[in-house]
2 protein chains.
Amino acid sequence: MTNNDRLTEEKIFDAATEVFEEKGLAGARMQNIADRAGINKALLHYYYRTKDHLFEAVFTALAKKIFSRFTPIFDKDMSLEDKIRFFFREHISFLQRNPRLPGFILNEVNHNPERINKLLSQIDFKDLWQTILEQHKDELKNYNVNEENLPQLITSIISLSVFPFAARGIFETVLGKMGHDFDQYIEERKDFASEFVIRSIRKEH
Amino acid sequence: MTNNDRLTEEKIFDAATEVFEEKGLAGARMQNIADRAGINKALLHYYYRTKDHLFEAVFTALAKKIFSRFTPIFDKDMSLEDKIRFFFREHISFLQRNPRLPGFILNEVNHNPERINKLLSQIDFKDLWQTILEQHKDELKNYNVNEENLPQLITSIISLSVFPFAARGIFETVLGKMGHDFDQYIEERKDFASEFVIRSIRKEH
DNA sequence: GTCTATAGAAGGATAGAC
DNA sequence: GTCTATCCTTCTATAGAC
């Protein structure tokens, strides 16, 4: 593979990423991708054979990108509260740099639920969740966190972090009408969400 | 308009709703809609002229449906805590009956952000939010709720309620691997989310 | 109001020259 | 490896009979 090959293939991949994120699989046009990559349609097929192949490549890469952001948290040597703060700060910062990612993944999964299964099956969630319970075993007596409610808690944390980006189009408008700026709202969210969750799981004593 | 007219138009609208919710605007096929309505393609155009007209009708109706569910809460004569419990119970129950609604709206708004603006401009959010602060003025000294953090709080409540449905394809798989059932998870969420939020906003004393 | 048949446009994919 | 030209399928939309 020559240097030029890699450059072209990369240009195509980047252009395809943009177009698929904006329009989705069904709404994307090969012509549009070619234009944005500064090449012609035929070359797309030379490198990726079909639209579906190209989409598959983009989707897999982006899905890995977003899911790989969830897992490293679990290994960190921190208190439970610091881990929550760390997660929101890191994860929301990641989404600030990739604001269209959540909507793209959710949309394509809704339209084709099987697509994500192969990727999800490579992650051992059971092990991940047990790790949390083990790591913070001693702390947990001070918190409303147990094996029973862990699914509700974790999905709540994800919701608080991801949803504003998935619903960005609506949030931006509504916040705007209240005199708030979406970007600043997101910036403030890093701290707000952390403290929101922590206050909720702390046991009063 | 004869009775038959209305029946056919309604059949088309219902079929279109299903197909658009499943595939989105770009992925939907007029043939598919006609088949599901038990009629032929030409009749679709007789009633709705173009695909875009038909989509517009469906989208507007569904968007109104989901947004009209947010507002009535504010007028209820209840304590702040009861209002939060009432919201999660009612809203999640509504989404249980319309599980594809959130994903559909979010997706189409992402692909065409202007589409929702006309609808949102009909709602006076400023008035709504002021109403909350007014109604619970006396209570608020006991809660971490003020004009400053109201946007963060309200968007958090929406996130906790809506996101599991928007991300259903992923949640269903992940929860399944942990031995949990999505439907039961949602049922439990009504109470969990309420108490999660209430614990978080209560001032310790 | 509903159907069959078909026009006409758009978009994915390929052939073949360079 | 990259381009132009074109094929061919798919899909929206309409014409016209009943």
Side-chain angles (χ1 to χ4, degrees), chain A residues 1-62 104 107-108 110-112 114-115, chain B residues 1-62 104 107-108 110-112 114-115:
Chain A
M1 196 187 268
T2 74
N3 193 26
N4 199 19
D5 274 16
R6 227 190 60 75
L7 261 169
T8 303
E9 191 165 348
E10 211 166 79
K11 270 195 302 185
I12 294 175
F13 185 90
D14 291 346
T17 300
E18 285 180 32
V19 176
F20 282 134
E21 278 192 342
E22 262 178 48
K23 315 271 192 181
L25 168 57
R29 295 293 165 254
M30 294 297 266
Q31 185 63 59
N32 192 356
I33 295 173
D35 291 347
R36 235 183 265 209
I39 53 148
N40 63 64
K41 259 197 311 181
L43 210 45
L44 294 184
H45 291 94
Y46 175 79
Y47 279 98
Y48 288 94
R49 269 189 49 79
T50 67
K51 188 187 183 187
D52 275 330
H53 276 72
L54 178 52
F55 179 81
E56 190 65 30
V58 170
F59 179 84
T60 304
L62 295 191
F104 170 72
N107 174 31
E108 300 305 331
N110 278 338
H111 291 164
N112 189 347
E114 296 80 35
R115 207 188 293 281
Chain B
M1 197 188 269
T2 74
N3 193 26
N4 199 19
D5 274 16
R6 227 191 59 74
L7 262 169
T8 303
E9 191 165 348
E10 210 166 80
K11 270 194 302 184
I12 293 175
F13 184 89
D14 291 345
T17 300
E18 284 180 32
V19 175
F20 282 134
E21 278 192 343
E22 261 177 49
K23 315 270 192 181
L25 168 57
R29 294 292 166 254
M30 295 297 266
Q31 185 64 59
N32 191 357
I33 295 173
D35 292 346
R36 235 183 263 209
I39 54 150
N40 63 63
K41 259 195 312 180
L43 212 45
L44 294 183
H45 290 94
Y46 175 79
Y47 279 98
Y48 287 94
R49 269 190 45 81
T50 67
K51 187 188 181 185
D52 275 330
H53 276 72
L54 178 51
F55 179 81
E56 190 64 30
V58 170
F59 179 84
T60 304
L62 294 191
F104 170 72
N107 173 30
E108 299 304 332
N110 277 338
H111 291 165
N112 189 346
E114 296 81 35
R115 206 188 293 282

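Protein chains get the first letters and strands the later ones, always in sequence-line order, with residue 1 at the start of each.
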Would you mind reading off the distance between [X] atom [atom1] and [N] atom [atom2], rounded to a whole angstrom?
X	N	atom1	atom2	result
B:Leu7	C:dT2	CG	P	10 Å
B:Leu44	C:dC3	CG	P	10 Å
A:Lys23	C:dG11	NZ	P	11 Å
B:Ile39	C:dT4	CD1	P	11 Å
B:Asp52	D:dC11	CG	P	16 Å
B:Lys11	C:dT2	NZ	C1'	11 Å
A:Tyr48	D:dG1	OH	C1'	15 Å
A:Leu43	C:dA15	CG	P	16 Å

So [Y] and [X], do their side chains get closer than 4.5 Å, heavy atoms only?
X	Y	value
A:Phe20	A:Glu108	no
B:Lys51	B:Arg29	yes
A:Glu56	A:Tyr48	no

Please tell me if [X] has a side-chain N or O lying less than 4.0 Å from either OP1 or OP2 of [N].
X	N	value
B:His45	D:dA13	yes
A:Asn40	D:dC3	yes
B:Thr8	C:dT2	yes
A:Arg29	C:dG12	yes
A:Tyr47	D:dT2	yes

**Study point:** A:Ala42 or B:Ala42, whichever maps to the more 5' nucleotide of DNA chain C
**Key:**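 Per heavy-atom nearest nucleotide, the more 5' residue is B:Ala42.
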
Practice item. Could you tell me whether B:Ala28 contacts a base, only the sugar-phosphate backbone, or nothing, with contacts defined as non-hydrogen atoms closer than 4.0 Å? Key: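 The answer is sugar-phosphate, as B:Ala28 gets under 4.0 Å only of primed atoms, P, OP1 or OP2.
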
Review point. Is there a donor on the side chain of A:Lys41 or the base of C:dG12 sitting less than 3.5 Å from an acceptor on the other?
Key: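 Flag set: donor-acceptor pair detected.
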
Point to revise | Shortest side-chain distance from B:Met30, nucleotide among C:dT2, D:dA13, C:dG12 | key: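 My answer, after comparing the listed nucleotides, is D:dA13.
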
Practice item. Just compare C:dG12, C:dT2, D:dT2 and give me whichever is closest to any side-chain atom of A:Lys51. Key: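 Nearest listed nucleotide: C:dG12.
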
Point to revise | side chain to side chain contact (heavy atoms under 4.5 Å, CB included) assessment of B:Leu25 paired with B:Arg115 | key: CA-CA 13 Å; B:Leu25 168 57; B:Arg115 206 188 293 282; 3.7 Å; yes

Exercise for review: Determine the minimum heavy-atom distance between B:Thr50 and B:His45, stating which atoms define it.
Suggested key: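 Here B:Thr50 and B:His45 meet closest at CA-CD2, 4.3 Å.
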
